[in-house]
S.K.: 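Sharing a structure with you now.
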Amino acid sequence: MKLPLEFYQEQDTLTLSQRLLGCELVHESPEGTTAGIIVETEAYLTGDPACHAYRRRTARNAAMFGPAGTLYVYLIYGFYYCLNVVTGPEDVGEAVLIRALEPTEGISLMGERRNLDPSTSAGLRGLTSGPGKLVIAMGITKEHNFQSLTTPDAVSPVYIRPRRRTAIEMVTTTRIGITQGADLPYRFYEKGNRFVSKW
DNA sequence: TGAAGGATCAACT
DNA sequence: GTTGATCCTTCAG
């Protein structure tokens, strides 16, 4: 059921950013399985000054240069991790940032990880309504950097599967929290979904 | 060798 | 609306 390698290989980064909306991100962790529908993404392309791979390949951004369908996890502001899906051919540093999820599975486990009460409306929304939050709720760590979304390795499996739902209305805007390339329309989210981080 | 700054969040006023 | 928490990477000297 998981999306095959070809899904990541055969589409460019901007197309993938849009097509990942409505798909479901799954983590089969030792504590239990958590999953959520992707409702917000951002694209980071080569030649884009906001992209970590813009300057050159370094130890930090090396995963972005891996094959499509690889995970890129990195620390931001010293506190939080962000989760990216690597796209583009090998040796091309492009990726899609997953910015928000709508929880579907393992909600009580997410609540424990986030120290929130999912039985309240605010608590539920707070589980995954931002890139740093969803990484905590899903139990994803820096150990998942470089892991494949299609070929499980030693770390607990993370993958994305299609999820049938009615056609969504998509909104295209500029990206959040960056200074370079701030005018580029590379952010995509599901219109009206309350788990989107900001609208 | 050092210092600046960043794809964030939560708790303040 | 503003600010503090806190750490790793990068670039300059």
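Chain identifiers are assigned alphabetically (A, B, ...) following the order of the sequence lines, protein sequences preceding nucleic acid strands; residue numbering begins at 1 within each chain.
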S.K.: Which one is paired to B:dA7, where only Watson-Crick or G-U wobble pairs with both distances under 3.5 angstrom count?
M.R.: none
S.K.: In whole angstrom, what separates A:Y44's OH from B:dA7's C1'?
M.R.: 4 Å
S.K.: How do A:K133 and A:G177 order along DNA chain B: which one's closest nucleotide is nearer the 5' end?
M.R.: A:G177
S.K.: Rounding to a whole Å, what distance do you find between A:R125:CZ and B:dC9:P?
M.R.: 11 Å
S.K.: Atom CD1 of A:I178 and atom P of B:dG5: how far apart are they, to the nearest Å?
M.R.: 17 Å
S.K.: What's the CG-P distance between A:N61 and B:dA7, to the nearest Å?
M.R.: 13 Å
S.K.: Can you tell me the base-pairing partner of C:dT6? Count Watson-Crick or G-U wobble geometry only, both distances below 3.5 Å, and say none if there is no partner.
M.R.: none
S.K.: Heavy-atom distance under 4.5 Å between the side chains of A:L149 and A:V85, does that happen here?
M.R.: yes
S.K.: State plainly whether the residues A:D48 and A:R175 are in salt-bridge range, i.e. N to O under 4.0 Å.
M.R.: yes
S.K.: Would you mind reading off the distance between A:Y77 atom OH and B:dG5 atom P, rounded to a whole angstrom?
M.R.: 12 Å
S.K.: Among the nucleotides C:dT10, C:dC11, B:dA10, which one has an atom lying closest to any side-chain atom of A:R114?
M.R.: B:dA10
S.K.: In terms of heavy-atom contacts, does CG of A:N115 have more than 12 from other residues, nucleotides or ligands at under 6.0 Å?
M.R.: no
S.K.: Would you mind classifying the nucleic acid contact of A:R187 as base, sugar-phosphate or nothing, using non-hydrogen atoms under 4.0 angstrom?
M.R.: nothing
S.K.: From the options B:dT8, B:dA10, C:dC11, select the nucleotide whose nearest atom is closest to the side chain of A:P131.
M.R.: B:dT8
S.K.: Which of the following nucleotides, C:dC11, C:dC8, B:dT8, is nearest to the side chain of A:Y80?
M.R.: B:dT8
S.K.: Expressed as a whole number of angstroms, how long is the span from A:L83:CG to B:dT8:P?
M.R.: 14 Å
S.K.: Check the distance between C:dT10's P and A:L75's CG and give it to me in whole angstrom.
M.R.: 12 Å
S.K.: Is there a donor on the side chain of A:Y74 or the base of B:dA7 sitting less than 3.5 Å from an acceptor on the other?
M.R.: yes
S.K.: Using a cut-off of 4.0 Å on non-hydrogen atoms, how would the nucleic acid contact of A:R175 be classed: base, sugar-phosphate, or nothing?
M.R.: nothing
S.K.: Give a yes or no on whether a salt bridge exists between A:E28 and A:K2, defined as a side-chain N under 4.0 angstrom from a carboxylate O.
M.R.: no
S.K.: Find the distance A:H52:NE2 to B:dA7:C1' and express it as a whole number of Å.
M.R.: 5 Å
S.K.: Please check if the side chain of A:E102 supplies one atom and the backbone of A:I38 the other of a donor-acceptor pair under 3.5 Å.
M.R.: no
